[in-house]
*Asks:* 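Could you have a look at this structure, given as structure tokens, before my questions?
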Amino acid sequence: MIEVTEVSKRFGSTVALDGVSLTASAGAVVGLLGPNGAGKTTLVRILATLLAPDAGTVRIAGHDVVRDARAVRQRIGLAGQSAAVDELLTGRENLLLIARLYGLDRAEARQRTDAVLERFDLTEAARRRVRTYSGGMRRRLDLGATLVGRPSVILLDEPTAGLDPRSRREVWEFVDQLAAGGATVLLTSQYLEELERLAHRVVVIDRGRVIAEGEPDELKRLFGGHAGATLDDVFFALTANDA
Ligand SMILES: Nc1ncnc2c1ncn2[C@@H]1O[C@H](COP(=O)(O)OP(=O)(O)O)[C@@H](O)[C@H]1O
Ligand SMILES: [Mg+2]
């Protein structure tokens, strides 16, 4: 469902991605683990057609993100650091706008918007500007926005960053439900226990390169260094040379 092959991206002299390859099959939850600056957001933006790679190819459900960006956009939902809800619009207006961007007609857009507002407990706040929302409400709107177009691939860039434990748990449940519903999820995080809890497979990236990948248990066995190792141990072992 997601096929990333030898993708590189620079910003001036900064190499953000340096030959990254990864795949996610339909229904998989793949975790992208890496420290700040590793290249996670850059990769998510490329997958979401918001940024073109300098080299390499990315296909989503068989569609090339550069040549076939429109088809890709219709299949993905994006939330997190790189997503944008408009502060000046109401929650409802934001969702309607996104629904129209997905190409839904007016009636469908309304129907999907109402369903999402209901599902994320935002019906009462729907006609208030997002500017007035609490952090938790914004996050729910952001997650809800990913579902408006009924995407088959969902990209979540550090969806729990800065959340309190309860909101974080809500995001976890959301990911579980997506997976149960058969969606393919790519999830980035710096929280290791989060990926251990959610991801079927974890790809560790650092300085724009994939440095390890496998099932959480497998990574712990290979790189954890001792019985009972955690994903944190793996993470620190692999990134130990970083400044
Ligand atoms: N638009 C940009 N212009 C210049 N440098 C960028 C830009 N976006 C990202 N970078 C740089 O690319 C590297 C990877 O960034 P990013 O993908 O945001 O990492 P992460 O999401 O893992 O923290 C960092 O060194 C970052 O400073
Ligand atoms: Mg980031």
Side-chain angles (χ1 to χ4, degrees), residues 2-24 29-58 60 65-66 69 72-73 76-85 135 138-139 141-143 145-146 153-164 167-168 171-172 174-175 184-199 201-214 216 219 223 231-232 234-243:
I2 300 176
E3 268 183 281
V4 175
T5 311
E6 292 290 318
V7 164
S8 296
K9 181 73 189 177
R10 299 172 159 265
F11 297 102
S13 59
T14 305
V15 178
L17 295 174
D18 187 11
V20 168
S21 298
L22 64 87
T23 59
V29 179
V30 173
L32 192 60
L33 175 64
N36 248 328
K40 301 181 298 296
T41 297
T42 302
L43 184 60
V44 168
R45 293 185 66 208
I46 289 172
L47 289 169
T49 78
L50 299 173
L51 194 66
D54 296 336
T57 55
V58 177
I60 303 241
V65 293
V66 177
V72 170
R73 280 186 214 123
I76 59 167
L78 170 67
Q81 287 192 319
S82 47
V85 288
R138 264 162 217 258
R139 188 50 56 120
L141 182 66
D142 197 27
L143 293 176
T146 65
V153 174
I154 291 148
L155 309 170
L156 302 172
D157 192 13
E158 297 197 30
T160 63
L163 294 189
D164 62 36
S167 306
R168 192 191 291 190
V171 173
W172 288 4
F174 172 67
V175 174
T184 305
V185 181
L186 183 93
L187 169 77
T188 82
S189 186
Q190 302 193 46
Y191 297 113
L192 312 141
E193 79 279 13
E194 175 163 286
L195 294 183
E196 194 161 11
R197 157 82 172 66
L198 294 174
R201 209 153 50 80
V202 174
V203 177
V204 187
I205 69 166
D206 192 21
R207 300 174 184 180
R209 289 170 171 269
V210 173
I211 54 174
E213 68 175 295
L219 287 178
F223 301 104
L231 259 195
D232 287 272
V234 174
F235 184 71
F236 288 121
L238 287 170
T239 60
N241 295 327
D242 285 16

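Numbering of ligands and ligand atoms starts at 1, following listing order. For reference, positions follow the sequence shown, starting with 1. Treat the numbers as computed from the prediction; the structure is a model and nothing was measured.
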*Asks:* At a 4.0 Å threshold, what atoms of ligand 1 neighbour a non-hydrogen atom of T41?
*Replies:* 17 (O), 18 (O), 20 (P), 21 (O)
*Asks:* Can we say R209 and D18 salt-bridge, meaning some charged N sits less than 4.0 Å from an Asp/Glu carboxylate O?
*Replies:* yes
*Asks:* Answer with yes or no whether the side chains of S167 and R139 bring together a donor and an acceptor at under 3.5 Å.
*Replies:* no
*Asks:* Does ligand 1 come near enough to T14 that some N or O of the ligand is less than 3.5 Å from an N or O of the residue?
*Replies:* no
*Asks:* At a 4.0 Å threshold, what atoms of ligand 1 neighbour a non-hydrogen atom of N36?
*Replies:* 23 (O)
*Asks:* Counting heavy atoms only, name the option from G12, G208, G37, S13 that's nearest to atom 24 (C) of ligand 1.
*Replies:* G37
*Asks:* If you measure every N or O of G39 against every N or O of ligand 1, does any of those distances drop under 3.5 Å?
*Replies:*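 G39 vs ligand 1: N/O contact under 3.5 Å present.
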*Asks:* For ligand 1, which atoms, with element, lie under 4.0 Å from some heavy atom of A38?
*Replies:*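 Those of ligand 1 that fall under 4.0 Å from A38 are 19 (O), 20 (P), 22 (O).
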*Asks:* Tell me the closest heavy-atom pair linking P35 and I205, and the distance in Å.
*Replies:*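 Of all heavy-atom pairs spanning P35 and I205, the closest is CD-O, 3.5 Å.
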*Asks:* Using distance alone, determine whether E158 and ligand 1 share an N or O pair under 3.5 Å.
*Replies:*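 It does not: no N or O of E158 is found under 3.5 Å from an N or O of ligand 1.
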*Asks:* Do D157 and T41 have side-chain N/O donor and acceptor atoms under 3.5 Å apart?
*Replies:* yes
*Asks:* Would you check if the side chain of S21 reaches a backbone N or O of E6 as a donor-acceptor pair within less than 3.5 Å?
*Replies:*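 Answer holds: yes.
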*Asks:* State if P35 counts as touching ligand 1 under the rule of any non-hydrogen atom under 4.0 Å.
*Replies:*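 Yes; P35 lies near enough to ligand 1 that a heavy-atom distance drops under 4.0 Å.
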*Asks:* Side-chain contact test, heavy atoms from C-beta onward, threshold under 4.5 Å: evaluate it for I2 versus L186 and give yes or no.
*Replies:* yes
*Asks:* Please lay out, stage by stage, how T146 and F174 fare under the test side chain to side chain contact (heavy atoms under 4.5 Å, CB included).
*Replies:* CA-CA 11 Å; T146 65; F174 172 67; 3.7 Å; yes
*Asks:* Report whether any nitrogen, oxygen or sulfur of T41 sits less than 2.8 Å from the Mg ion (ligand 2) (N, O or S, backbone or side chain).
*Replies:*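 Given the 2.8 Å cut-off, T41 counts as a ligand of the Mg ion (ligand 2).
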*Asks:* Consider every N or O of A16 and every N or O of ligand 1, then say whether any pair is closer than 3.5 Å.
*Replies:* no
*Asks:* Quick check on side chain to side chain contact (heavy atoms under 4.5 Å, CB included): which of E194, K40, E158 does S189 satisfy it with?
*Replies:* E194
*Asks:* Are any of the heavy atoms in G34 under 4.0 Å away from ligand 1?
*Replies:*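 Checking ligand 1 against G34, which is what was asked, there is no heavy-atom contact under 4.0 Å.
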